[in-house]
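Computed from a predicted structure; not experimentally measured. Numbered from 1 within each chain, the chains take letters A, B, ... in sequence-line order.
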2 protein chains.
Amino acid sequence: MSVLPATQISHIRQTLENQIDTGLLQAGSRLPSDRVLCELFGTTRITLKDALLALEADGRIYREKHKGWHVSYPRLDYNPLYKLYFQRMVTLQNRSVETKVLATRELLASATLTREMELPALSKLYQICRLRYLDGRIVSYVEHFLKPARFPGILEQDHTKSLTQTYEEHYGLHFSRSRFSIYPAAAYGEVAQQLNITAGSPILMIKRINYDQHGTLVDCDHEYWRHDAVRIVVDSQDQQTADAPDPVPVPAGM
Amino acid sequence: MSVLPATQISHIRQTLENQIDTGLLQAGSRLPSDRVLCELFGTTRITLKDALLALEADGRIYREKHKGWHVSYPRLDYNPLYKLYFQRMVTLQNRSVETKVLATRELLASATLTREMELPALSKLYQICRLRYLDGRIVSYVEHFLKPARFPGILEQDHTKSLTQTYEEHYGLHFSRSRFSIYPAAAYGEVAQQLNITAGSPILMIKRINYDQHGTLVDCDHEYWRHDAVRIVVDSQDQQTADAPDPVPVPAGM
DNA sequence: AAGTGGTCTAGACCACCCA
DNA sequence: GGGTGGTCTAGACCACTTT
């Protein structure tokens with residue numbers, strides 16, 4: 001009764017999707033090599049790749065460079081309104097997180113950062129680069145940019161645990177406010193390398209700007225997420241934000 | 001002094017990106033046809049396509065089926081905490097929105113919807129399908145699912161203006177709370193067709209469940225956004241949500 | 001009717017991973 | 001060293017849009 005797929009690509013996609021949905025292919029399990037799949041579906045590597053790319057775009061499968069295609073795991077719920085400990089957000093979902101520090105350095109703020117953090121020209125920043133593992137798998141590459149004046153000596157500290165916690169314990173700082181900007185993008189260069197994905201692969205970008213208890217902008221971070229690993233969850237219960245004044249009726253016809 | 005790109009793909013990508021950044025290619029303008037670009041870069045259509053797909057994943061260019069590649073427009077800021085009128089959110093950014101109603105019908109809730117809306121088995125729902133245009137371009141395909149008991153006769157009304165407004169004016173309803181779930185996905189079938197994109201193209205999925213002033217779940221909607229057309233913006237200013245109790249310190253080493 | 005993008009074939013070589 | 005995925009070539013045919 002069902003309509004036959006119009007193309008080989010959608011046929012391959014639907015077949016694999018079906019095998020995943022019915023549990024024949026489980027989360028984390030590896031698909032056969034592309035040459036084997038080509039044989040299986042009687043097609044060429046390019047056609048097969050188009051089907052796999054569509055499943056990747058949909059977050060159903062993922063790949064690590066030179067290590068084949070795997071079935072994706074359930075997404076982590078990321079709630080931007082749950083401000084304090086990222087680690088706690090993860091453990092509440094019965095999952096585990098690890099953090100690896102890649103580098104800490106002082107640098108000159110780029111043009112984009114200068115704008116985003118409202119800095120004067122030629123400002124210096126501290127940068128902390130980290131890699132986050134969810135249940136043992138790499139899920140995000142994170143860059144923190146800190147205003148040096150507020151965090152003397154922080155580059156020498158241990159950053160494998162929560163940075164937010166370090167802020168509180170050593171600098172008496174807690175966040176009163178964070179501004180998030182979230183959008184789909186692609187990974188290149190260092191980011192793609194660290195996430196172990198092909199340049200040009202889709203990711204989810206999460207940028208965050210943080211203000212301390214005095215309302216002062218103190219740091220920001222750029223999180224590059226594997227796009228199949230996360231879901232943004234927001235609950236607007238009885239909230240009214242500053243930039244949402246009393247609503248005015250909109251003219252008809254809009 | 002700069003490192004030469006390792007591959008043709010990244011060379012093509014960087015060249016086009018540069019032309020866009022410097023304004024030589026402006027938002028909305030069409031790239032030359034793929035055969036012309038192949039000639040220009042001395043490569044084949046498949047290699048060129050890989051480069052264009054990477055730029056598409058990054059939201060720099062977009063395509064309409066059989067109509068070529070175009071430079072993307074600036075993203076719309078979408079603030080889930082700004083609850084009331086979507087139309088107003090758009091006009092505040094000095095942009096224009098239009099809505100086209102595609103279909104209205106009564107249907108049996110799917111398994112997924114039944115779970116998401118906490119319905120008993122075999123429930124009926126009203127469905128309203130709409131297409132949203134931002135500055136004249138299609139940006140999202142939206143499906144609303146309404147609990148029929150709460151909205152008698154609504155299928156016969158005009159849905160080209162704000163649905164939220166209709167709720168208020170005709171059914172004395174306003175939202176006290178909305179739960180959002182946002183994640184990257186791919187477009188297939190009806191969605192891809194209406195958005196005029198190729199099946200398997202990346203999109204941004206925004207699911208929303210709405211509660212009225214009595215805290216009762218009344219409707220939900222599924223928004224399929226062109227993934228380069230939107231950015232999620234959240235400001236957590238002094239907010240504490242119900243599912244974020246007093247934070248407990250996390251054991252060291254997490 | 002001409003031109004465009006979408007799909008598809010049948011190969012090749014290389015870089016990287018693992019045994 | 002064998003197998004894998006990533007890159008790349010040089011074509012073909014079809015569906016769709018535009019003129």
Side-chain angles (χ1 to χ4, degrees), chain A residues 4-16 29-57 61-71 137-138 186-189 192-202, chain B residues 4-16 29-57 61-71 137-138 186-189 192-202:
Chain A
L4 284 177
T7 63
Q8 287 186 61
I9 294 176
S10 59
H11 171 239
I12 298 171
R13 177 175 57 72
Q14 284 171 26
T15 304
L16 291 175
S29 69
R30 186 170 165 283
L31 301 187
S33 82
D34 60 355
R35 271 121 176 144
V36 171
L37 287 173
C38 285
E39 182 112 3
L40 217 60
F41 290 105
T43 185
T44 58
R45 289 180 73 202
I46 290 188
T47 301
L48 180 81
K49 195 189 176 195
D50 283 343
L52 294 176
L53 285 177
L55 284 166
E56 184 193 43
I61 61 176
Y62 68 96
R63 54 184 160 154
E64 293 177 44
K65 228 180 168 185
H66 291 290
K67 282 200 233 171
W69 297 86
H70 297 257
V71 178
R137 291 170 303 115
I138 298 177
Y188 301 123
Q193 218 169 312
Q194 293 294 347
L195 292 177
N196 197 23
I197 59 182
T198 309
S201 293
Chain B
L4 285 177
T7 64
Q8 287 188 61
I9 294 176
S10 59
H11 171 240
I12 298 171
R13 176 176 57 72
Q14 285 171 24
T15 304
L16 291 175
S29 70
R30 186 169 165 286
L31 301 187
S33 82
D34 59 356
R35 271 124 174 140
V36 171
L37 288 173
C38 285
E39 182 112 5
L40 217 60
F41 290 105
T43 186
T44 58
R45 290 180 73 203
I46 290 188
T47 302
L48 180 81
K49 195 189 176 196
D50 283 344
L52 294 177
L53 285 177
L55 284 166
E56 183 193 43
I61 60 176
Y62 68 96
R63 53 184 161 155
E64 293 177 42
K65 229 182 167 183
H66 290 289
K67 282 200 233 171
W69 296 87
H70 297 256
V71 179
R137 293 170 303 117
I138 297 177
Y188 301 124
Q193 218 169 310
Q194 293 294 345
L195 291 177
N196 197 23
I197 59 182
T198 310
S201 294

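Here the shortest heavy-atom pairing between B/Y188 and A/L55 reads OH-N, 4.2 Å. For the pair A/G68 and A/H70, the tightest heavy-atom approach, listed with the atom from each and the gap, is O-CD2, 3.4 Å. Across every non-hydrogen atom of A/A54 and B/G200, the tightest pair is CB-CA, 3.8 Å. B/Q194 and B/I138 get closest at one heavy-atom pair: O-CD1, 3.7 Å.
Within the 4.5 Å cutoff, the side chain of A/I61 has no heavy atoms near those of the A/L16 side chain. Contact annotation: the side chain of B/L37 never approaches that of B/I12 to less than 4.5 Å [non-hydrogen atoms, C-beta and beyond]. Considering only heavy atoms from C-beta on, B/R137 comes within 4.5 Å of B/Y62 through its side chain.
As rounded to whole Å, 13 Å separates atom P of D/dT4 from atom CG of A/L31.
Of the residues in residues 43-54 of chain B, those placing a heavy atom less than 4.0 Å from an atom of DNA chain C are B/R45, B/I46, in numerical order.
For DNA chain C, the span of nucleotides reached by chain A at under 4.0 Å from its heavy atoms goes, 5' to 3', from C/dC8 to C/dC18.
Each end of the helix from C/dA1-D/dT18 to C/dC18-D/dG1 gets its own axis from five base pairs, and the two axes differ in direction by 10°, given to 10 degrees.
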Return a table of donor-acceptor pairs under 3.5 angstrom between the side chains of residues 39-48 of chain B and protein atoms on other chains or two or more places apart.
{"from": "B/T43", "atom 1": "OG1", "to": "B/Q8", "atom 2": "OE1", "distance (Å)": "3.3"}
{"from": "B/T44", "atom 1": "OG1", "to": "B/T47", "atom 2": "OG1", "distance (Å)": "3.4"}
{"from": "B/R45", "atom 1": "NE", "to": "B/D34", "atom 2": "OD2", "distance (Å)": "3.0"}
{"from": "B/R45", "atom 1": "NH2", "to": "B/D34", "atom 2": "OD2", "distance (Å)": "2.9"}

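Between the CG atom of B/D50 and the CZ atom of B/R13 there is a distance of 12.0 Å, given to the nearest 0.5 Å. Atom CG in B/L195 sits 10.0 Å away from atom CD in B/E64 (nearest 0.5 Å). Within the model, atoms CZ of A/R30 and NZ of A/K67 stand 11.0 Å from one another, a figure rounded to the nearest 0.5 Å.
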If a protein heavy atom is under 4.0 Å from the base, mark B; if only from the sugar-phosphate, S; if neither, -; do that for nucleotides 14-19 of chain D going 5' to 3'. -BSSS-
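A/S201 is linked by a side chain to side chain contact (heavy atoms under 4.5 Å, CB included) to A/E56, A/R63, A/I197, A/T198, counting only residues two or more places apart in sequence or in another chain.
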